[in-house]
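Remarks on the structure that follows.
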There are 2 protein chains.
Amino acid sequence: MKKQLIMDKALELFAKQGFEATSVQQITEHCGISKGAFYLSFKSKDELIIALIDHFMMQFTTEIDYIVRNTEIEKLLYDFYYATFHSFHQHSDFAKILMKEQSQTFNEEFIVKMHYFDRLIENIILSMIERLYGEEVKQTKYDLMYCIKGFMNTYSQLFLFYNVPLDLNLLSESLVEKTNLLARHTHVPFISEDLIQVIKQPMCEEGSKEQILEILEQKIEEIEEPIEKESLILLKQQLREPTLSPAIVKGLLENIRNHPLCKWISYLLQNYFEV
Amino acid sequence: MKKQLIMDKALELFAKQGFEATSVQQITEHCGISKGAFYLSFKSKDELIIALIDHFMMQFTTEIDYIVRNTEIEKLLYDFYYATFHSFHQHSDFAKILMKEQSQTFNEEFIVKMHYFDRLIENIILSMIERLYGEEVKQTKYDLMYCIKGFMNTYSQLFLFYNVPLDLNLLSESLVEKTNLLARHTHVPFISEDLIQVIKQPMCEEGSKEQILEILEQKIEEIEEPIEKESLILLKQQLREPTLSPAIVKGLLENIRNHPLCKWISYLLQNYFEV
DNA sequence: TTGACAAATGACTCGTTGGTCATTATTATA
DNA sequence: TATAATAATGACCAACGAGTCATTTGTCAA
């Protein structure tokens with residue numbers, strides 16, 4: 001598929017030069033295709049960057065969420081950091097774009113997307129904190145969440161922009177220690193429940209039933225494998241009119257969770273059904 | 001002075017839209033001047049952004065450095081955070097630019113400047129850590145430094161991009177607690193002495209004698225006040241040929257330290273003479 | 001071999017940008 | 001007031017970028 005080629009090559013250039021500084025001309029040259037061919041795959045340059053963000057952020061969010069939901073508590077924090085940095089490292093070109101283009105103003109949709117994913121990640125971190133420390137951190141959980149985000153940011157810059165050899169194990173151990181320290185001994189919160197209300201505000205976007213339905217129908221078309229396809233169809237019915245028991249829904253979700261094209265929809269459905 | 005007007009107005013626009021997305025046209029319109037007038041004050045758009053960075057970063061670096069050198073240990077950490085966030089808050093337009101344009105690739109000189117100041121700030125933080133905890137954190141000081149940088153970044157985003165009411169006192173208290181916790185109980189460092197060597201590398205730039213001399217001569221021209229002027233002239237001689245005692249040098253530096261035009265040169269000289 | 005259809009091309013348009021410079025307005029000086 | 005010097009103007013230029021579309025190339029069934 002041309003689309004994939006363009007995304008791959010554009011990713012390299014964006015990471016190196018930034019989005020604005022990379023022209024469509026350059027991208028097409030780097031792909032060895034014509035300018036027209038580019039516009040057969042993407043309606044605009046903006047659509048390309050949105051596609052890139054969607055692609056990687058969906059993947060990342062889903063990965064992290066799965067870990068937070070399914071890892072035993074003893075390994076949870078370590079695995080979380082490990083997976084995070086492993087992912088950043090593996091998709092370092094994309095991570096660089098994220099860092100560079102952080103909250104740039106050039107495109108409305110871009111910002112909305114970024115905020116949306118940012119919010120998702122914050123929620124995942126919060127639910128991890130909940131699992132790890134529970135009531136213990138009631139007063140300080142938002143601060144803790146911000147610190148964890150800060151660690152993710154600060155430490156990833158180290159290996160993204162200086163190419164130092166990366167000892168993922170040591171890094172994760174080190175951050176686990178720091179996080180536990182902060183969780184267990186912090187008593188002066190800065191971010192109160194009030195403050196977080198001011199920050200949060202909207203957060204609708206993808207969550208709505210209609211949008212999930214839309215994506216669901218699209219996936220049903222795409223998928224060939226009978227089990228996955230039927231699971232999707234059943235889930236669609238359940239979405240329209242809840243009749244199945246939670247156990248069955250959970251099973252159906254399990255059926256699709258490892259299909260490469262279903263990761264995202266499975267994440268959305270899981271959230272929707274509050275499993 | 002036109003230059004100041006342009007810098008003020010451009011700052012607003014850059015903070016709102018980013019550097020690349022703001023045209024010289026827009027800036028001149030916002031100032032109520034013609035395009036030609038802009039180019040009487042700045043040779044190029046790039047020169048403008050460099051001037052802005054220099055202006056604010058010199059100010060910030062000098063402020064923080066003064067605090068770290070001169071505050072009693074009991075208040076040091078608190079004052080450091082307070083001053084940092086106070087400065088970010090006061091110059092929030094500039095802080096926004098820093099966040100947005102973080103390591104953008106558009107201009108070589110820009111990046112060099114940013115790295116230079118980043119390095120300066122890292123050194124200031126390190127010397128603060130040294131004063132606060134000394135030997136205690138020998139193994140973990142670089143990690144601690146990165147965590148402090150992380151706090152500065154993460155928490156400033158809160159009030160820069162959501163305009164929440166800001167309780168500077170609480171914020172500083174809260175970060176003091178976190179920092180002390182990490183300093184006193186961390187045992188698993190990630191950033192070793194080796195790693196920091198890989199990252200550091202060059203770090204020359206402004207420090208050289210010739211460059212200091214150049215700025216010094218320029219300042220001697222500018223300054224009217226007799227005491228400050230003579231102090232500068234004596235310091236210039238001392239720079240060429242060291243003859244004065246450390247006490248005298250320190251006194252001369254003290255003479256100029258509060259002159260609004262001498263903050264930066266005084267910082268550079270202080271570093272050079274290792275006072 | 002032909003012809004219908006889709007895929008791919010790249011010269012082109014049109015808007016915008018950073019930057020220049022001949023000209024005009026303003027001020028200072030004699 | 002006349003003249004020189006300086007400040008300010010904005011029409012203009014070359015360069016470049018996103019996006020378009022008439023045309024060419026490739027494919028495959030008949």
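Lettering of chains follows the sequences in order, A, B, ..., and the numbering in each one begins at 1.
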**OP:** List for me each residue that meets ring pair (Phe, Tyr, Trp, His ring centres under 6.0 Å) alongside A:His89, sequence neighbours excluded, and say none if there are none.
**Re:** A:Phe159

Original post:
Where along nucleotides 6-22 of chain D does protein come under 4.0 Å, by heavy atom, of base (B) or sugar-phosphate alone (S), with - for untouched nucleotides?
Top reply: --BBB------SBBB--

**OP:** Give a yes or no on whether the ring-centroid distance for A:Phe60 and A:Phe88 is below 6.0 angstrom.
**Re:** yes

Original post:
If you draw the axis of the six-membered ring of B:Tyr146, does the NZ or CZ of B:Lys149 fall within 45° of it and under 6.0 Å from the ring centre?
Top reply: yes

Original post:
Does A:Lys2 make a cation-pi contact with A:Phe42, if we ask for NZ or CZ under 6.0 Å from the ring centre and within 45° of the axis?
Top reply: no

Original post:
Between A:Ile6 and A:Cys31, which heavy-atom pair has the shortest distance, and what is it?
Top reply: CA-SG, 3.8 Å

Subject >> Rounded distance in Å - CD (B:Gln17) to C1' (C:dT17) >> reply: 14 Å

